[in-house]
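Shown next, in structure tokens, is the structure this report addresses.
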Amino acid sequence: MPGGTAFLRSARAVFWKDLLVERRAKEGANALAFFAILLLFLFYFALGPDRERIRAALPGLFWLAFLLAGLLALGRSFALERENDCLDGLVLMPGDKGGIYLGKLAGTTALMWSMELAFIVATGLLYNLDLWPAIPRLLLVAFVGTVGFAAIGTLFAAMTAQLRAREVLLPVLLLPLVIPVLVASVRLTEGALGGEPWAASAAWWQLLLGFDIVFVVAGLLTFEFILEA
């Protein structure tokens with residue numbers, strides 16, 4: 001399938017390009033790490049040393065940190081293309097533009113997911129909580145929730161990249177649409193931390209996976225029109 005091969009090749013090229021740029025610059029990763037550490041300290045002083053109180057607040061704390069870090073990552077993803085005059089190159093790139101979307105989505109998801117892993121481990125160490133038994137399930141929830149957030153976020157980041165008020169418009173347009181993803185992710189995180197049986201949260205998994213599929217398919221079908229607008 002030559003078309004499918006070209007599609008995957010363009011997605012892989014955009015994905016590796018974004019990772020290499022991030023690895024060399026390290027600006028985005030450093031900003032995300034600094035922000036995460038600052039948030040942990042603020043919540044530590046706000047919640048106090050009570051472990052049960054901290055554990056009850058963890059689902060909201062995790063997704064507040066992931067949400068704000070995701071907005072930073074999405075804004076930076078297309079800011080680099082604009083600053084380096086690469087947007088025209090992406091528009092002129094031959095083949096299905098859905099490959100560019102898939103590469104951007106994979107790059108944003110990888111950056112956010114690596115930050116989320118570090119944030120979960122740092123939370124356990126700083127708050128002296130035993131999160132190790134829940135980490136595999138927490139990472140799965142974080143990955144599926146991040147894909148849903150990044151899927152729709154990549155579309156709006158591309159849509160607002162050329163606008164003057166893009167820093168304001170991106171969260172205003174994005175946040176109302178990702179509320180179902182955030183609600184399902186917080187609920188599944190709560191279940192993972194509490195050791196809830198998988199079957200008890202099956203409906204939330206179905207909701208989150210359904211949004212992931214809808215957002216990713218919508219992005220693949222519409223990204224070419226958004227990029228050329």
Side-chain angles (χ1 to χ4, degrees), residues 7-8 10-12 14-15 17-19 22 28 31-32 35 59-60 62-82 87 90-91 96-116 119 139-163 165-189 203-229:
F7 177 86
L8 293 177
S10 64
R12 186 177 59 183
V14 172
F15 172 69
K17 186 267 295 176
D18 280 2
L19 289 189
E22 189 55 47
L32 294 181
F35 168 77
F62 281 155
W63 284 98
L64 175 62
F66 301 165
L67 171 64
L68 296 178
L71 290 174
L72 290 175
L74 286 170
R76 180 172 168 74
S77 174
F78 281 90
L80 290 174
E81 307 292 0
R82 189 184 61 256
L87 279 176
L90 291 178
V91 174
D96 190 344
K97 300 299 186 294
I100 300 173
Y101 168 77
L102 192 61
K104 283 286 184 187
L105 168 61
T108 301
T109 300
L111 179 62
M112 287 183 63
W113 197 66
S114 60
M115 186 280 297
E116 290 161 5
F119 189 82
L139 290 180
L140 180 61
V141 175
F143 177 77
V144 179
T146 299
V147 169
F149 175 81
I152 190 69
T154 301
L155 283 180
F156 281 106
M159 198 181 301
T160 58
Q162 300 281 35
L163 302 179
R166 52 188 170 274
E167 291 85 0
V168 177
L169 284 175
L170 177 59
V172 168
L173 295 173
L174 175 61
L175 292 180
L177 289 178
V178 296
I179 286 176
V181 173
L182 295 176
V183 171
S185 299
V186 168
R187 181 63 189 83
L188 289 172
T189 302
W204 292 106
W205 280 110
Q206 292 172 2
L207 175 66
L208 188 55
L209 289 170
F211 270 97
D212 281 11
I213 293 171
V214 169
F215 286 157
V216 170
V217 171
L220 290 173
L221 295 177
T222 61
F223 193 70
E224 181 172 2
F225 304 105
I226 293 174
L227 203 59
E228 294 178 351

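Across Leu170 and Leu71, no two heavy atoms sit closer than the pair CD2-O, 4.3 Å. Of all heavy-atom pairs spanning Ala110 and Phe15, the tightest one is CB-CE1, 4.0 Å. Closest heavy-atom contact between Leu74 and Leu174: CD1-CD2, 3.9 Å. The heavy-atom pair separating Ser10 from Gly99 by the smallest distance is OG-CA, 3.5 Å. The two residues Met112 and Ala73 come nearest to each other via the heavy atoms CG-CB, 4.3 Å. Listed here is the closest heavy atom pair of Met115 and Ala65: CE-O, 4.3 Å.
For the side-chain contact (heavy atoms from CB on, under 4.5 Å) test, residues two or more places apart in sequence or in another chain that qualify with Val183 are Ile179, Trp204. By the ring pair (Phe, Tyr, Trp, His ring centres under 6.0 Å) test, Trp205 is found to be paired with Trp198, residues two or more places apart in sequence or in another chain being considered. Partners of Leu72 under the side-chain contact (heavy atoms from CB on, under 4.5 Å) rule, at least two apart in sequence or in another chain, are Leu32.
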Taking distance alone, no hydrogens or angles, what donor-acceptor pairs closer than 3.5 Å link side-chain atoms of residues 152-160 to residues at least two apart or in another chain?
from: Thr154; atom 1: OG1; to: Ala150; atom 2: O; distance (Å): 2.6
from: Thr160; atom 1: OG1; to: Phe156; atom 2: O; distance (Å): 2.8

Run the side-chain donor-acceptor check on residues 207-222: report pairs under 3.5 Å with partners two or more places apart or on a different chain.
from: Asp212; atom 1: OD1; to: Gly148; atom 2: N; distance (Å): 3.1
from: Thr222; atom 1: OG1; to: Ala218; atom 2: O; distance (Å): 2.7

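Ring pair Tyr101/Phe223 is tilted by interplanar angle, where 30° to 60° counts as tilted.
Atom CG of residue Leu182 and atom CG of residue Leu64 lie 10.0 Å apart, to the nearest 0.5 angstrom. Atom CG in Leu140 sits 9.0 Å away from atom CG in Leu188 (nearest 0.5 Å). A distance of 9.5 Å separates CH2 in Trp113 from OG1 in Thr146, rounded to the nearest 0.5 Å.
Contacts classified as side chain to side chain donor-acceptor pair (under 3.5 Å) and involving residues 174-187 (residues at least two apart or in different chains) are given here: Arg187-Glu196.
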